[in-house]
Amino acid sequence: MSAEYILGGIYIDAAPVHGCIALLIALLLHRLLIAIRFYRFVWHPVLFDTAMFVLVWAMVTLWLPPLVPSLLHSPL
């Protein structure tokens with residue numbers, strides 16, 4: 001069973017919400033890594049960015065539901 005968020009009385013699946021939050025965080029991390037010139041040491045930047053996005057999405061999926069339990073609804 002997947003969890004859902006209740007926003008304004010509308011049930012929204014957790015995966016798109018977590019994916020959008022992870023995308024914003026990954027974009028911010030990408031800009032930070034560009035600013036500190038980290039990509040000089042990366043062999044394949046696109047592959048690195050994709051892996052970073054997947055890891056950020058996994059962390060958001062694990063850590064966000066306990067932080068906002070009032071918006072979370074688990075169907076029975």
Side-chain angles (χ1 to χ4, degrees):
M1 285 191 239
S2 68
E4 298 171 332
Y5 288 99
I6 303 171
L7 299 174
I10 299 172
Y11 290 98
I12 300 175
D13 192 42
V17 174
H18 294 166
C20 290
I21 293 170
L23 180 62
L24 291 174
I25 294 170
L27 287 173
L28 290 172
L29 281 172
H30 176 75
R31 299 306 287 171
L32 175 69
L33 293 175
I34 287 174
I36 63 171
R37 299 175 56 119
F38 177 78
Y39 285 101
R40 292 183 297 165
F41 307 109
V42 175
W43 171 67
H44 201 297
V46 176
L47 184 62
F48 179 82
D49 285 339
T50 305
M52 181 176 61
F53 170 71
V54 170
L55 289 173
V56 169
W57 194 346
M59 288 189 300
V60 167
T61 302
L62 290 174
W63 293 341
L64 189 62
L67 294 176
V68 288
S70 61
L71 295 176
L72 193 63
H73 172 71
S74 295
L76 297 174

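These numbers come from a predicted model, not from an experiment.
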CZ (R40) with more than 12 external heavy atoms under 6.0 Å:
yes
Are L47 and W57 co-members of a hydrophobic cluster defined by side-chain heavy atoms under 4.5 Å apart?
no
Answer yes if L29 and V46 sit in the same cluster of Ile, Leu, Val, Met, Phe, Trp and Tyr residues linked by side chain heavy atoms under 4.5 Å apart, and no otherwise.
no
How many angstroms lie between atom CG of L55 and atom CD1 of I25, to the nearest 0.5 angstrom?
12.5 Å
Group every Ile, Leu, Val, Met, Phe, Trp and Tyr by side-chain heavy-atom contacts under 4.5 Å, then state whether L27 and I36 land in the same group.
no
Assigning hydrophobic clusters by single linkage (Ile, Leu, Val, Met, Phe, Trp, Tyr; side-chain heavy-atom cutoff under 4.5 Å), is L33 placed with L24?
no
Heavy-atom closest pair (Y39 atom, P45 atom, distance to 0.1 Å) is CD2-CB, 3.8 Å
The single option from F38, F41, F53, W43 passing ring-ring contact (aromatic ring centres under 6.0 Å, His included) against F48
F38
Within a strict 4.5 Å, meaning less than it, do heavy atoms of the H18 and W63 side chains meet?
no
Could you go through D49 and M52, starting from their C-alpha distance and side-chain angles, then the distance that decides it, and tell me whether this counts as side-chain contact (heavy atoms from CB on, under 4.5 Å)?
CA-CA 5 Å; D49 285 339; M52 181 176 61; 3.8 Å; yes
Are Y5 and M59 linked, directly or through intermediate hydrophobic residues, by side-chain heavy-atom contacts shorter than 4.5 Å (ILVMFWY only)?
yes
R31 vs L28, side-chain contact (heavy atoms from CB on, under 4.5 Å): CA-CA, chis, key distance, verdict:
CA-CA 5 Å; R31 299 306 287 171; L28 290 172; 5.8 Å; no
